[in-house]
Number of protein chains: 2
Amino acid sequence: MGRTPPHPEVPQFDLQRILEALVDPVRRSIVTQLEAAGEDIKCGDFDMQVSKSTATHHFKVLREAGLIRQYYVGTSRMNALRRAEMDEAFPGLLDALTTPQARGVGLAVSTRSTL
Amino acid sequence: MGRTPPHPEVPQFDLQRILEALVDPVRRSIVTQLEAAGEDIKCGDFDMQVSKSTATHHFKVLREAGLIRQYYVGTSRMNALRRAEMDEAFPGLLDALTTPQARGVGLAVSTRSTL
DNA sequence: ATCGAAGTTTGACAGCCATCGTACTTTTGC
DNA sequence: GCAAAAGTACGATGGCTGTCAAACTTCGAT
């Protein structure tokens, strides 16, 4: 498969895009799980209730916003939270969203299209 | 007109709702302007390029998320940023969004429906 | 070589919501 | 009272995007 997908660098980080990525509960849950785990996680090892194709879509959005870095290990794709770089670009943002209060809610299903 | 519109209290604050409010550039701009001004601002005195009815909609979303408090003064509606209460519910969130980096971009037109 | 596991791509679909114009309500000022 | 000012309410509209299924691609193991 395609080697490593494109990742933006810190100077390219865009708040609007980052917020659009973080506003989705499924995606925020991915970030929260990475933060809690403290280590990289394979796409398939996340706890989420969407189809594989939808999951792929969410990972792509997070990656293009700069929130995660993806790389292959065999057939598995690993996901790493770009903590330090995010903190450099927007200090306090991830902290505010991984707070106890913040984790309290919103880990459920996505808001749009329950279908 | 209707006296004072409904406002949620701190315990009712919901991160999902708050993020949905803050993800829109027009609304984030309203918050930024309030933060910068340091004082309450009339609906009509904000710098924004949307129709009056659209503006009303945005103020309503911000109010229902708990980000602003609205009250009448004559025919004008005043808007106050609920800074302290937001900080209490989600410490660091507003700070992260009113940072220099954060203010750098996204003060333009809304992303959806340029129409 | 073959098969299975893990993701990706593509296309279709549905719902949300930002936007606007018009009509309406309230309050102030004359 | 009347008119203007300031918002609100109500549809209507259109685009964005989250969702899925199905077909495809890669890599690893047998």
Side-chain angles (χ1 to χ4, degrees), chain A residues 1-7 16-30 40-65 68-80 106-115, chain B residues 1-7 16-30 40-46 48-65 68-79 106-115:
Chain A
M1 271 236 154
R3 289 269 65 115
T4 16
H7 290 80
Q16 182 59 37
R17 194 161 223 174
I18 293 170
L19 287 179
E20 284 170 1
L22 291 173
V23 77
D24 185 283
V26 174
R27 290 194 288 264
R28 207 159 62 250
S29 168
I30 291 174
D40 301 358
I41 303 180
K42 298 197 305 180
C43 286
D45 286 358
F46 282 89
D47 175 24
M48 52 178 161
Q49 283 89 28
V50 292
S51 68
K52 281 206 297 180
S53 49
T54 300
T56 296
H57 165 66
H58 286 310
F59 285 119
K60 181 181 180 188
V61 172
L62 286 172
R63 187 188 67 230
E64 294 183 338
I68 62 173
R69 188 175 294 280
Q70 296 190 294
Y71 58 97
Y72 276 98
V73 174
T75 62
S76 295
R77 187 168 239 182
M78 297 296 299
N79 302 277
L107 298 180
V109 197
S110 173
T111 296
R112 336 188 77 144
S113 291
T114 309
L115 198 48
Chain B
M1 274 239 151
R3 289 269 65 108
T4 15
H7 291 78
Q16 183 59 37
R17 194 161 224 174
I18 292 169
L19 287 179
E20 284 169 1
L22 291 173
V23 78
D24 185 282
V26 174
R27 288 193 289 262
R28 207 160 60 253
S29 167
I30 290 173
D40 302 358
I41 303 180
K42 298 197 304 177
C43 286
D45 285 359
F46 282 89
M48 51 179 162
Q49 283 88 29
V50 292
S51 68
K52 281 206 297 182
S53 49
T54 299
T56 296
H57 166 66
H58 286 309
F59 285 119
K60 182 181 179 186
V61 172
L62 287 171
R63 186 188 67 230
E64 293 182 341
I68 62 173
R69 187 175 294 280
Q70 296 189 295
Y71 57 96
Y72 276 98
V73 173
T75 62
S76 296
R77 187 168 241 182
M78 297 297 297
N79 301 275
L107 298 180
V109 196
S110 173
T111 296
R112 336 187 79 143
S113 291
T114 308
L115 198 50

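Predicted model, so just to flag it, every value in this text is computed and none were measured.
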Margin query: Just the rounded figure in Å: distance from P of dT17(D) to CD of Glu20(A).
Written below: 6 Å

Check: Got a donor-acceptor contact below 3.5 angstrom from the Arg28(A) side chain to the Leu22(A) backbone?
Finding: yes

Margin query: Rounding to an integer number of Å, can you tell me how far Gln70(B) CD sits from dA6(D) P?
Written below: 16 Å

Notebook entry, point to check: Any idea which of dG7(D), dG7(C), dC20(C) is nearest the Val50(B) side chain?
Noted result: dC20(C)

Notebook entry, point to check: Across the strands shown, which category fits Thr54(A) at heavy-atom distances under 4.0 angstrom: base, sugar-phosphate, nothing?
Noted result: base

Next item on the list: Starting at OG1 of Thr75(A), measure out to NZ of Lys42(A) and round the result to the nearest 0.5 Å.
Entry: 7.0 Å

Item checked: Atom pair distance, as rounded to whole Å: NZ in Lys60(B) and C1' in dA9(D) -> 9 Å

Check: Atom CG of Asp45(B) to atom P of dA5(D): distance rounded to whole Å?
Finding: 15 Å

Checklist line | Rounded distance in Å - NE2 (His57(A)) to C1' (dA12(C)) | finding: 15 Å

Next item on the list: Check every atom of dA6(C), dA18(C), dG18(D) against the side chain of Arg27(A) and return the nucleotide holding the closest atom.
Entry: dG18(D)

Note to self: Would you say Ser53(A) places a side-chain N or O within less than 4.0 Å of OP1 or OP2 belonging to dA21(D)?
What the structure shows: no

Check: Is Met48(A) close to Ser29(A) at the side-chain level, that is, under 4.5 Å between some pair of heavy atoms?
Finding: no

Note to self: Tell me whether Asn79(B) contacts the main-chain N or O of Gln70(B) through its side chain, where contact means a donor paired with an acceptor under 3.5 Å.
What the structure shows: no

Margin query: If I take atom CG in residue Leu19(A) and atom P in nucleotide dT17(D), what distance separates them, rounded to the nearest angstrom?
Written below: 14 Å

Note to self: What is the distance, to the nearest angstrom, from the CG atom on Asp24(A) to the C1' atom on dT17(D)?
What the structure shows: 10 Å

Margin query: Does dT19(D) have OP1 or OP2 under 4.0 Å away from a side-chain N or O of His58(A)?
Written below: yes

Item checked: Length of the NZ-P vector between Lys52(A) and dT10(C), whole Å -> 17 Å

Notebook entry, point to check: When you measure from the side chain of Gln16(A) to the backbone N and O of Asp24(B), does any donor-acceptor pair fall under 3.5 Å?
Noted result: no

Item checked: Nearest-nucleotide comparison on DNA chain D, the residue closer to the 5′ end among Ser51(A) and Gly74(A) -> Ser51(A)

